[in-house]
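Some notes on the structure that comes next.
Quantities reported herein were computed from a predicted structural model and do not represent experimental measurements.
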Amino acid sequence: MNKAIITVVGKDTVGIIAKVCTYLANNNINILDISQTIIQEYFNMMMIVDVNNSTKPFGDIVGELEQIGDEIGVKVRCQREDIFTKMHRI
């Protein structure tokens with residue numbers, strides 16, 4: 001399995017989850033776990049996904065998710081699970 005971590009942070013607005021999940025479904029990326037909270041007007045979501053069946057290069061997925069975030073006014077980051085784990089171990 002080829003896992004990645006996707007984080008979404010920003011002001012809450014209609015359609016954030018729909019836009020991100022639609023992109024993932026259209027690119028054959030499976031959501032393994034998801035957690036989301038809204039604190040006052042701020043949205044925070046973290047997803048663990050399996051990118052193994054996607055035909056797109058990982059760099060394209062990262063860039064396209066960032067672009068979706070820009071379009072809806074939130075920050076979307078996508079990192080390979082091993083990199084995310086190493087970064088947060090320090």
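For the side chain to side chain contact (heavy atoms under 4.5 Å, CB included) test, residues two or more places apart in sequence or in another chain that qualify with Leu32 are Met1, Lys3, Asn30, Ile48, Asp50.
By the rule that hydrophobic residues join a cluster once side-chain heavy atoms approach within less than 4.5 Å of another member, Val76 and Ile31 end up as members of one cluster. If you chain together hydrophobic residues whose side chains sit under 4.5 Å apart, Ile68 and Phe43 fall into the same group. Val62 and Val8 fall within a single hydrophobic cluster, where Ile, Leu, Val, Met, Phe, Trp and Tyr are joined by side-chain heavy atoms under 4.5 Å apart, directly or via other members. Tyr42 and Met45 are not part of a single hydrophobic cluster, where members link through side-chain heavy atoms under 4.5 Å apart. Placement of Ile34 and Ile16 within a single hydrophobic cluster is found when ILVMFWY residues are connected by side-chain heavy-atom separations under 4.5 Å, directly or transitively.
Contacts classified as salt bridge (Lys or Arg N to Asp or Glu O under 4.0 Å) and involving residues 28-44 (residues at least two apart or in different chains) are given here: Lys11-Glu41.
Under the 4.0 Å criterion applied to side-chain N and carboxylate O atoms, Glu64 and Lys56 are assigned as salt-bridge partners.
Ser54 places a side-chain N or O within donor-acceptor distance of the main-chain N or O of Asn27, the cut-off being under 3.5 Å.
Arg77 CZ to Ile5 CD1: the interatomic distance, rounded to the nearest 0.5 Å, is 12.0 Å.
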Start with the C-alpha gap between Ile61 and Tyr23, add the side-chain angles, then the distance that decides, and say whether side-chain contact (heavy atoms from CB on, under 4.5 Å) holds. CA-CA 9 Å; Ile61 294 168; Tyr23 174 84; 3.9 Å; yes
Working for side-chain contact (heavy atoms from CB on, under 4.5 Å), residues Val20 and Val74: CA-CA 11 Å; Val20 174; Val74 296; over 6 Å; no
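Between Leu24 and Ile6 the shortest side-chain heavy-atom distance falls below 4.5 Å.
Atom CZ of Phe58 is surrounded by more than 12 heavy atoms from other residues, nucleotides or ligands within 6.0 Å.
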